[in-house]
Amino acid sequence: DTEVTQTPKHLVMGMTNKKSLKCEQHMGHRAMYWYKQKAKKPPELMFVYSYEKLSINESVPSRFSPECPNSSLLNLHLHALQPEDSALYLCASSQDAGDRVDYTGELFFGEGSRLTVL
Amino acid sequence: AQRVTQPEKLLSVFKGAPVELKCNYSYSGSPELFWYVQYSRQRLQLLLRHISRESIKGFTADLNKGETSFHLKKPFAQEEDSAMYYCALREGNTGKLIFGQGTTLQVKP
């Protein structure tokens, strides 16, 4: 299985709602990522997890809360979002950079969860 | 500061014409560069990386440290090459990628 699976594909939520985005991979990757992508823009890194520990937080507002319950799963909990948070949220996974002599640096991306905040 | 620049938002060519998508980078260490591609309604995926010096789908890219460039080239464009192409730089010893703004390649019949 060489895919990263994200659910839901589409999500519409109000500014007072609480929702979660989910990501799963079974490639044995120990690094997982959340990226945010606005229309016609490149992906912007939000968070990196390495061995289930948060290693990078790109100064993301606390209304986004990541969680890595195990090496295959990555969640992004959403609370009190703003309309400007509407975007495509991409999950990715990779080998961990410090892990293997054959580290390739390749990130495997999911198809994304398209979020609309009303 | 680390930066990746793709100067062209849109590149439009006819089928069979050569293609060059430009990428310049700014990085203080030894760079590790990638090209990612996003076809319509498909996920972002790796096209090639400079370390492996491979050719994928007829595309090649050579790292030129003197010019700090990593341009993507293909001698004869095909319609199925139409997509968004992102040049990306790996930061340090992390998996963090810094993406350029992307270039949309449009190959006309």
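Letters A, B, ... are given to chains in the order of the sequence lines, protein chains preceding strands, and every chain is numbered from 1. From a predicted model like this one, the values you see are computed outputs, not experimental measurements.
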- Could you give me the CA-CA distance, side-chain angles and deciding distance for A:S94 and A:H29, then say whether side chain to side chain donor-acceptor pair (under 3.5 Å) is met? CA-CA 5 Å; A:S94 75; A:H29 290 163; 6.0 Å; no
The interface call for B:Q45 against chain A, heavy-atom contacts under 4.5 Å, is neither
So, the part of B:I98 with a heavy atom under 4.5 Å from chain A: the answer is neither
Turns out that what part of A:L107 lies under 4.5 Å from chain B's heavy atoms comes down to both
Applying a strict 4.5 Å limit to non-hydrogen atoms, the region of A:Y35 in contact with chain B is side chain
Backbone N or O of B:L44 within a donor-acceptor pair of the B:Y86 side chain at under 3.5 Å? no
Honestly, the part of B:Q38 sitting under 4.5 Å from a heavy atom of chain A is side chain
Between the CE atom in B:M84 and the OG1 atom in B:T103, the distance rounded to the nearest 0.5 Å is 7.5 Å
Checklist entry - Does atom CD of B:E67 have more than 12 heavy-atom neighbours from other groups under 6.0 Å away? => result no
Is it the case that atom NZ in A:K19 sees more than 12 heavy atoms from other parts of the structure closer than 6.0 Å? no
Turns out that what part of A:E44 lies under 4.5 Å from chain B's heavy atoms comes down to neither
